[in-house]
Each structure stands twice: as C-alpha cells, then as structure tokens.
Amino acid sequence: MDANDAMLTALATAQTGSMVADTAPNAPASASFDLVLEAAAGSVLGSSGARYTLSISAIDLTAVTQGWPTQTLHQAFDAANGWEISGAGPDYQCTQTVPVPVPGGGPGGPLAGHTLQCVASLVSQGAQIASIIHSAPFVLV
C-alpha cells in the first residue's frame, strides 16, 4: 500500500457480537445486528492523526429507498480509532464493529423480508483520500 493512502477493504453484516458474515444478521429474533468494517492504511498515514469521515448508509433494494439514516463518524488515523500495525508492518489496519438497530425494534418490523445492502465511504479532510465499499446484499427478518 502507498505510504500516504488508505482504503476500505471489507464490509459485512454479522449477528451481534460475531465477526462471521451473515446474510440474515438479525435472524432468528434479534433487535440489532453488527456491521464489520475493515480498512488498511499506509505506513505514514496509519498513525498520522489525520482526520477523516466514515459514512455508513443502507439501501433497501426491495423498496428502492434508504433503509435508515446515514451514520456519520468523525475519526482519525490513530490508535484511539483502532488503527494498529498490520502484522510485521509497515502498513496499518483497522477493524470496527458498528451496531445497527433493526428499524421497528426487531423481527417483523417494517423491513422484514426486505433485501438491503450497506455502503461505506471514508473521505479524508480535503478529500485527498476517498474509498468506497459495499456489503453483500442481506435480508432482515
């Protein structure tokens, strides 16, 4: 990886507390699920403290609408935000778990049976770095 670059490398839905990708993350009867996001950054950027915005949104592919409001997280390339040396280095990696409440409070809610897809973007201040990724489609129960 370029020393001054970063990219989102994975985005998956999982049952709460799990790191295993799941296409029905709130089944059989959960009021929430997790989004697991992985990213990589170069050796200079990964601990620089440079600020960026992480935005996560959902698209309801069944109704062709926005599934729920976008989450906007203001973060920095530093240890406090989960950035750590990847293996023997010199690059950095970050894995974050973002809890997502199921609209309507859980199974049987307004999105039950709908297929959705999450999209995440990382954009640095000044937009020198921009990375976009999407999850595999998933269904809510």
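For reference, positions follow the sequence shown, starting with 1.
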Determine, step by step, whether Ser57 and Trp68 satisfy the side chain to side chain contact (heavy atoms under 4.5 Å, CB included) criterion, reporting the C-alpha distance in whole Å, the side-chain angles of both residues, the deciding distance to 0.1 Å, and the verdict. CA-CA 7 Å; Ser57 59; Trp68 52 78; over 6 Å; no
So Phe77 and Trp83, would you call those rings parallel, tilted or perpendicular, with 30° and 60° as cut-offs? tilted
Under the side chain to side chain contact (heavy atoms under 4.5 Å, CB included) criterion, do Leu140 and Leu116 qualify, and how do the steps go? CA-CA 8 Å; Leu140 293 177; Leu116 291 96; 3.8 Å; yes
Of all the heavy-atom pairs spanning Pro28 and Val141, show the shortest one and how long it is. O-CG2, 4.1 Å
For Thr23 against Pro137, the heavy-atom pair lying closest together: CG2-O, 4.1 Å
All side-chain contact (heavy atoms from CB on, under 4.5 Å) counterparts of Ala63, not counting sequence neighbours: Asp60, Thr65, His114
Taking side chain as C-beta onward, heavy atoms only, is Pro25 less than 4.5 Å from Asp34? no
Report the residues that fulfil side-chain contact (heavy atoms from CB on, under 4.5 Å) with Ala76, sequence neighbours left out, ordered by chain and then residue number. Arg51, Asp78, Asn81
Using the side-chain hydrogen bond (donor to acceptor under 3.5 Å, both in side chains) rule, collect all pairs that involve residues 94-107, keeping only residues at least two apart or in two chains. Gln75-Gln96
If you measure from OG on Ser55 to CG on Leu122, what distance do you get to the nearest 0.5 Å? 9.0 Å
Apply side chain to side chain contact (heavy atoms under 4.5 Å, CB included) to Ser30 and Thr16, showing your working. CA-CA 8 Å; Ser30 182; Thr16 301; 4.2 Å; yes
With distance as the sole test, does Ser135 use its side chain to make a donor-acceptor pair with the main-chain N or O of Leu11 at under 3.5 Å? no
Name the atoms and distances for all side-chain donor-acceptor pairs under 3.5 Å in residues 104-112, with sequence neighbours left out.
none

So, using side-chain contact (heavy atoms from CB on, under 4.5 Å) as the criterion, who are the partners of Ala24 when residues are at least two apart? Asp22, Ala27, Val139
Mind checking who shares a hydrophobic cluster with Met19, ILVMFWY linked at side-chain heavy-atom distances under 4.5 Å? Val36
Nearest 0.5 Å, what's the OG1-CD1 distance between Thr9 and Ile133? 6.0 Å
Taking every non-hydrogen atom, the tightest pair across Phe33 and Thr13: CE1-CG2, 3.9 Å
The criterion is side-chain contact (heavy atoms from CB on, under 4.5 Å); which residues satisfy it with Ser86, sequence neighbours excluded? Gln93
For a 4.5 angstrom cut-off between non-hydrogen side-chain atoms, does Ser32 reach Pro99? no
With a 4.5 Å cut-off on side-chain heavy atoms, are Val98 and Leu37 touching? no
side-chain hydrogen bond (donor to acceptor under 3.5 Å, both in side chains) pairs, two or more places apart, involving residues 98-112: none
Name all residues meeting the ring pair (Phe, Tyr, Trp, His ring centres under 6.0 Å) criterion together with Tyr92; count only those two or more places apart in sequence or in a different chain, and write none if there are none. none
Please find the pair of heavy atoms, one from Ala6 and one from Leu45, that lie closest to each other, and give the distance. CB-CD2, 3.7 Å
When rounded to the nearest 0.5 Å, the distance separating CD1 of Ile59 from SG of Cys118 is 8.5 Å
I'd like a table of donor-acceptor pairs (distance under 3.5 Å, sequence neighbours excluded) in which one partner is a side-chain atom from residues 124-132, with atom names and distances.
{"from": "Ser124", "atom 1": "OG", "to": "Gln128", "atom 2": "N", "distance (Å)": "3.2"}
{"from": "Ser124", "atom 1": "OG", "to": "Ile129", "atom 2": "N", "distance (Å)": "2.9"}
{"from": "Ser131", "atom 1": "OG", "to": "Leu8", "atom 2": "N", "distance (Å)": "2.8"}

Could you work out the complete set of other residues in the hydrophobic cluster of Met1, with links drawn between I, L, V, M, F, W and Y side chains under 4.5 Å apart? Met7
Kindly write out the residues that satisfy side chain to side chain donor-acceptor pair (under 3.5 Å) with Thr53, not counting sequence neighbours, or none if the list is empty. His74
If hydrophobic clusters are built by linking Ile, Leu, Val, Met, Phe, Trp and Tyr wherever their side-chain heavy atoms come under 4.5 Å apart, do Val119 and Leu54 end up in the same one? no
